[in-house]
2 protein chains.
Amino acid sequence: MAPRSCSIANALGVVGERWSLLALREVFLGVTRFDQIAANTGASRDVLTVRLKKLVAAGVLEKHQYSEHPPRHEYLLTDSGRALHNVMLMLKEWGDTYVTEGALPLVWEHSCGAVLEPRVVCTACGEEATSESLTRAAELTH
Amino acid sequence: MAPRSCSIANALGVVGERWSLLALREVFLGVTRFDQIAANTGASRDVLTVRLKKLVAAGVLEKHQYSEHPPRHEYLLTDSGRALHNVMLMLKEWGDTYVTEGALPLVWEHSCGAVLEPRVVCTACGEEATSESLTRAAELTH
DNA sequence: CGGCGTAAGTTGGATTTTCCAACCCACTGA
DNA sequence: TCAGTGGGTTGGAAAATCCAACTTACGCCG
């Protein structure tokens, strides 16, 4: 039997490999250069090269030359990359709550002044989207 | 230099390996048994064995025996596992928008009646938590 | 000019993971 | 008794990863 077709699997096909999301985290934090991304994530340079190439090919990052002499590049988020912010927020929230021990290494403050506690809601009604409040509406068979 | 300490990295240390999130997706969809998880994800049985053991050890899943003769088990979500629902929702949303082509393989309907369009908001004020609306509030140096 | 430093990789070889198919054991229902 | 199911385990090949050293292209300092 063929595995289930699913956007989670598709998403993981793009950003699910080791180091991909950590490299993206660095870009979100403003670290856009190869050496610093390698140092801050701990990824080995050869694997990082492959990951960044894949993310560029997938349209998640853009490689931008910011200096011609000497040639220097930075990696910037595309719309697709920026949209991953939500995923990172929820992953961080889960890690904060269930994995990280002791003081949290990174805390975000929202523009309203509060420490961010992210929550997922239904855009239509504004109520929280819990697993109990959802039903499957459609599934292709093929 | 040591890599950045971060809950995203910690979270990925638990659920970041290949097949882990897909196995969890199956449990969320009600598929709790080894053979079916293997078939629906496409993971090879040996790797799946290791992944499930790790998820149980990490407190994300529980192995529950539902029949003594013959001995049969199912994998159930713990609180920690259920909390991953948000991550999966956002990952699916991103995949739907930027990766999956053609008709979406899976659509959720919220209890309000609308097709779910998940959004991340700040619990305190209810406004959307975009990357522009966040500032770093603290970071440990060590 | 010579030498040192930095950015962004590339290369080679050892180590780990992963994949895949086949096998195993306990049990059941026909 | 014999095929079938659930839940793995095993062995060997293939792929991915890690690590340190090397490279190229340039700027800066004395």
Side-chain angles (χ1 to χ4, degrees), chain A residues 1-4 8-9 12-27 29-58 60-77 81, chain B residues 1-4 9 12-27 29-58 60-77:
Chain A
M1 195 169 340
R4 190 192 295 276
I8 297 179
L12 291 174
V14 176
V15 297
E17 286 159 308
R18 199 160 176 213
W19 307 119
S20 292
L21 280 176
L22 292 185
L24 283 164
R25 173 197 70 187
E26 290 304 310
V27 180
L29 292 173
V31 176
T32 59
R33 309 212 313 234
F34 187 89
D35 275 26
Q36 274 302 301
I37 295 174
N40 290 351
T41 58
S44 56
R45 307 170 68 79
D46 53 352
V47 174
L48 186 61
T49 301
V50 174
R51 291 292 173 278
L52 289 173
K53 273 192 182 132
K54 177 166 179 176
L55 291 172
V56 168
V60 177
L61 289 178
E62 264 175 2
K63 190 171 178 176
H64 173 240
Q65 182 157 357
Y66 67 88
S67 154
E68 209 165 341
H69 286 284
R72 291 286 180 270
H73 318 93
E74 60 188 339
Y75 291 91
L76 300 177
L77 295 165
Chain B
M1 194 164 347
R4 190 191 295 276
L12 292 174
V14 176
V15 297
E17 286 159 306
R18 203 166 172 208
W19 307 119
S20 292
L21 282 175
L22 292 184
L24 284 164
R25 172 197 71 187
E26 289 304 309
V27 179
L29 292 173
V31 175
T32 59
R33 315 225 294 246
F34 187 90
D35 275 28
Q36 274 302 301
I37 295 173
N40 289 351
T41 58
S44 56
R45 306 169 67 79
D46 53 353
V47 173
L48 185 61
T49 301
V50 175
R51 290 293 173 275
L52 289 173
K53 271 191 183 135
K54 177 166 180 177
L55 290 173
V56 169
V60 177
L61 290 178
E62 265 174 2
K63 190 172 179 176
H64 173 240
Q65 182 157 356
Y66 66 89
S67 154
E68 208 164 341
H69 287 283
R72 290 288 179 271
H73 318 93
E74 60 187 342
Y75 292 91
L76 300 177
L77 295 165

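Keep in mind that what you see is a predicted model, and the values were worked out from it rather than measured. Heavy atoms only: backbone and side chains are in, while hydrogens, waters and symmetry mates are out.
- Listed candidates were D:dG8, D:dC18, C:dT28. Nearest to the side chain of B:Pro70 is C:dT28.
- Considering only side-chain atoms of A:Asp46, the nucleotide from C:dA8, C:dT11, D:dT10 that sits closest is C:dT11.
- Taking the side chain of B:Arg18 as heavy atoms from C-beta on, and the options C:dC19, D:dT9, C:dA8, the nearest nucleotide is C:dC19.
- Each of D:dC18, C:dA22, C:dG9 was ranked by its minimum atom distance to the side chain of A:Ser44; first place goes to D:dC18.
- When rounded to the nearest whole Å, the span between CG of B:Leu52 and P of D:dG6 equals 16 Å.
- At the phosphate of D:dT9, OP1 or OP2 sits under 4.0 Å from a side-chain N or O atom of B:Lys53.
- At a cut-off of 3.5 angstrom, the base of D:dG7 holds at least one donor-acceptor pair with the side chain of B:Arg45.
- For A:Lys63 and C:dA8, the NZ to P distance is 9 Å, given to the nearest whole Å.
- At a threshold of 4.5 Å between non-hydrogen side-chain atoms, the residues A:Gln36 and A:Glu26 do not count as touching.
- Between the CD atom of B:Glu68 and the C1' atom of D:dG7 there is a distance of 17 Å, given to the nearest Å.
- In this structure, A:Lys63 and A:Leu52 have side chains that are not in contact, with every pair of non-hydrogen atoms separated by 4.5 Å or more.
- The distance from atom NZ of A:Lys54 to atom P of D:dA16 is 10 Å, rounded to the nearest whole Å.
- Closest to the side chain of B:Thr49, from the set D:dA21, C:dC19, D:dG8, is D:dG8.
- Two residues are said to be in side-chain contact when any heavy atoms from C-beta on lie closer than 4.5 Å; B:Arg45 and B:Asp35 meet this criterion.
- At the phosphate of D:dT17, neither OP1 nor OP2 sits under 4.0 Å from any side-chain N or O atom of A:Trp19.
- Considering only side-chain atoms of B:Arg51, the nucleotide from D:dC18, C:dT17, D:dC26 that sits closest is C:dT17.
- Across D:dG7, D:dT17, D:dT10, the shortest atom-to-atom separation from the side chain of B:Arg72 is found for D:dG7.
- Residue A:Leu55 is tested with A:Leu21, A:Val15, A:Val27 for a side chain to side chain contact (heavy atoms under 4.5 Å, CB included); the sole match is A:Val15.
- Taking atom OH of A:Tyr66 as the reference point, atom C1' of D:dG27 lies 13 Å away to the nearest angstrom.
- Note: CZ (B:Phe34) to P (C:dC27) measures 19 Å, nearest angstrom.
- The nearest whole Å value for the distance from the CD atom in A:Gln65 to the C1' atom in D:dC26 is 12 Å.
- Contact between the side-chain N/O atoms of B:Tyr75 and the OP1/OP2 oxygens of D:dG8 is found at a separation under 4.0 Å.
- Between A:His64 atom NE2 and C:dA7 atom P there is a gap of 18 Å when expressed in whole angstrom units.
- Other residues, nucleotides and ligands contribute more than 12 heavy atoms inside 6.0 Å of the CD atom of A:Gln65.
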